[in-house]
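Heads up: numbering here begins at 1 and tracks the sequence.
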Amino acid sequence: MQIIICCVGLVLISFFIPKKYFKIYMLISAILLPCLYFFIEPSSEYDLSRHYEMFDIVRSYKFKDLTSTGNYALTIYFEEYKAYIILLWIVSRLNIKELLPVFTGIIVYCIEFGLANKILKQNSAEKWKYVLGYILVILLTDFLAVSGIRNILSVVACTYFIYLYVVEKKHRILCWIMYIICASIHPVCVLYIVMRLCLILITKYTGLYIKVGIVFGFTVLPLIYPYIEMYINNIPILSEAMRVFLNYVTRTDTVLIKSTFYSNLLLYVLLGILLFLYSKIEKREERDSMFEFAIISLLFTIGSVNQYDIF
């Protein structure tokens with residue numbers, strides 16, 4: 001309830017913020033919202049409780065000892081998610097576990113608000129568009145997902161650097177480095193990297209085949225995996241991503257929460273409508289690669305409709 005009250009309050013206040021101060025208001029919001037995690041004590045079924053357990057383990061070691069602790073869980077995590085453990089170790093130096101979701105939330109909201117502000121400013125947007133953009137960030141960001149730390153942090157950061165590369169054409173080497181770092185925080189980013197590679201491969205001749213392949217990837221990959229397993233196993237990040245992917249694809253124990261499923265479905269339908277309208281308004285040569293990336297993301301989501309967790 002406190003989260004809802006805070007979000008509604010921030011949205012209502014945004015109507016009265018002058019346009020010239022909106023950037024500052026976004027920054028204040030990006031800091032204020034995650035600070036709610038100082039007052040949240042997660043129960044055992046939440047991922048945050050497990051992150052806190054790992055936090056307690058990591059903070060007892062010096063950085064040079066992280067690779068030789070003898071702790072099985074820490075060893076496995078460091079081998080597969082180095083960037084995550086390093087981030088965890090840095091935050092643990094402050095010895096306040098709540099700072100982990102707080103810092104994660106600040107990074108996530110700063111990226112989202114920062115990008116929204118940049119696009120609004122570039123288009124000389126009116127005040128009401130700033131308010132609308134602000135509301136969309138608040139409503140479309142799952143606040144509780146911040147408690148998962150790795151997933152939302154890696155995905156938001158990875159998507160931002162994809163935007164930076166394909167739209168602004170900036171820092172291309174840095175962007176690819178960040179893709180890899182994000183994948184070492186959570187392997188889900190391998191999927192985003194694959195979608196990014198699809199942008200390079202898509203032409204007027206290959207586009208249809210690639211997009212059809214994306215939709216049916218969930219069906220095809222489990223079938224061909226035994227033939228490519230020996231090659232993938234030599235690449236740790238890719239191997240772990242495939243393991244997690246196949247684990248989700250073959251899961252049958254997930255409890256379907258119909259309200260969440262249908263709200264997500266509605267969100268994807270709205271995205272599809274927006275993309276359709278955008279394609280009619282903008283001439284093809286004026287559409288940027290982010291439009292194609294959104295199409296690929298939507299097609300991938302359609303393909304995952306039978307796997308609730310990924311969907």
*Cationic tip of R196 above Y179 ring, under 6.0 Å, 45° of axis*: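 Geometry flag: not set, cation outside 6.0 Å or 45°.
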
*Let me know which of L164, I162, V156 forms a side chain to side chain contact (heavy atoms under 4.5 Å, CB included) with Y160.*
L164

Please round to the nearest 0.5 Å and tell me the distance separating atom [atom1] of [X] and atom [atom2] of [Y].
X    : Y    : atom1 : atom2 : value
F103 : L94  : CZ    : CG    : 5.5 Å
Y163 : S289 : OH    : OG    : 12.0 Å
I185 : I181 : CD1   : CD1   : 7.5 Å
N117 : E112 : CG    : CD    : 13.5 Å
I149 : L100 : CD1   : CG    : 4.0 Å
C182 : I177 : SG    : CD1   : 12.0 Å

*Run the side chain to side chain contact (heavy atoms under 4.5 Å, CB included) check on F22 and K127 step by step: do they pass?*
CA-CA 9 Å; F22 223 92; K127 162 68 184 298; 3.8 Å; yes

Is any side-chain heavy atom of [X] less than 4.5 Å from a side-chain heavy atom of [Y]?
X    : Y    : answer
I202 : I296 : yes
P101 : S147 : no
F291 : S279 : yes
P187 : R150 : yes
C7   : I3   : yes
M195 : S297 : yes

_Going by side-chain contact (heavy atoms from CB on, under 4.5 Å), name the residues that satisfy it together with I24, two or more places apart in sequence or in a different chain._
Y21, I28

*asked:* K82: which residues meet the side-chain contact (heavy atoms from CB on, under 4.5 Å) condition with it, sequence neighbours left out?
replied: F78

*Show your working on salt bridge (charged side-chain N to carboxylate O under 4.0 Å, His left out) between K129 and E126 and close with a plain yes or no.*
CA-CA 6 Å; K129 292 181 181 178; E126 299 93 328; 3.2 Å; yes

If you take all heavy atoms of [X] and [Y], which pair is closest and at what distance?
X    : Y    : value
I31  : I106 : CA-CG1, 4.0 Å
V190 : A183 : CG2-CB, 4.2 Å
F38  : V102 : CE1-CG2, 3.8 Å
I152 : V146 : CG2-CA, 3.8 Å
C189 : V155 : SG-N, 3.9 Å
W89  : V58  : CA-CG1, 3.4 Å

Exceeds 12 heavy-atom contacts within 6.0 angstrom, atom [atom1] of [X]:
X    : atom1 : value
L270 : CG    : yes
Q2   : CD    : no
K170 : NZ    : no
Y52  : OH    : yes

Any sub-3.5 Å donor-acceptor pair from [X]'s side-chain atoms to [Y]'s backbone N or O?
X    : Y    : value
S154 : N151 : yes
K169 : V166 : yes
R93  : R59  : yes

Can you get from [X] to [Y] by hopping between Ile, Leu, Val, Met, Phe, Trp and Tyr side chains that sit under 4.5 Å apart?
X    : Y    : value
L274 : L299 : no
Y46  : F55  : no
Y192 : L201 : yes
L298 : Y209 : no
I210 : L208 : yes

_Using side chain to side chain contact (heavy atoms under 4.5 Å, CB included), reason through E168 and K118 one step at a time and then give a plain yes or no._
CA-CA 11 Å; E168 298 189 353; K118 179 189 290 188; 2.9 Å; yes

*So, H51 and Y84: side-chain donor and acceptor under 3.5 Å apart, yes or no?*
yes

*How far apart are the C-alpha atoms of Y37 and F143, what are their side-chain angles, what is the distance that settles it, and do they pass the ring-ring contact (aromatic ring centres under 6.0 Å, His included) test?*
CA-CA 10 Å; Y37 274 99; F143 179 83; 4.8 Å; yes

_Short N-O contact, E292 and K211, less than 4.0 angstrom_ = yes

Acceptor/donor pairs from residues 8-19 side chains to any protein atom, 3.5 angstrom cut, sequence neighbours excluded:
unit_1 : atom_1 : unit_2 : atom_2 : d
S14    : OG     : V11    : O      : 2.4
K19    : NZ     : A125   : O      : 2.6

*Hey, what's the ring geometry for W176 with Y165, parallel, tilted or perpendicular (30° and 60° as the breaks)?*
perpendicular

_Angle between ring planes, F113 versus Y134, binned at 30° and 60°: parallel, tilted or perpendicular?_
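It falls in the parallel class, under 30°.
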
*Give the intermediate values and the outcome of side chain to side chain contact (heavy atoms under 4.5 Å, CB included) for residues I86 and F63.*
CA-CA 8 Å; I86 292 172; F63 183 77; 3.9 Å; yes

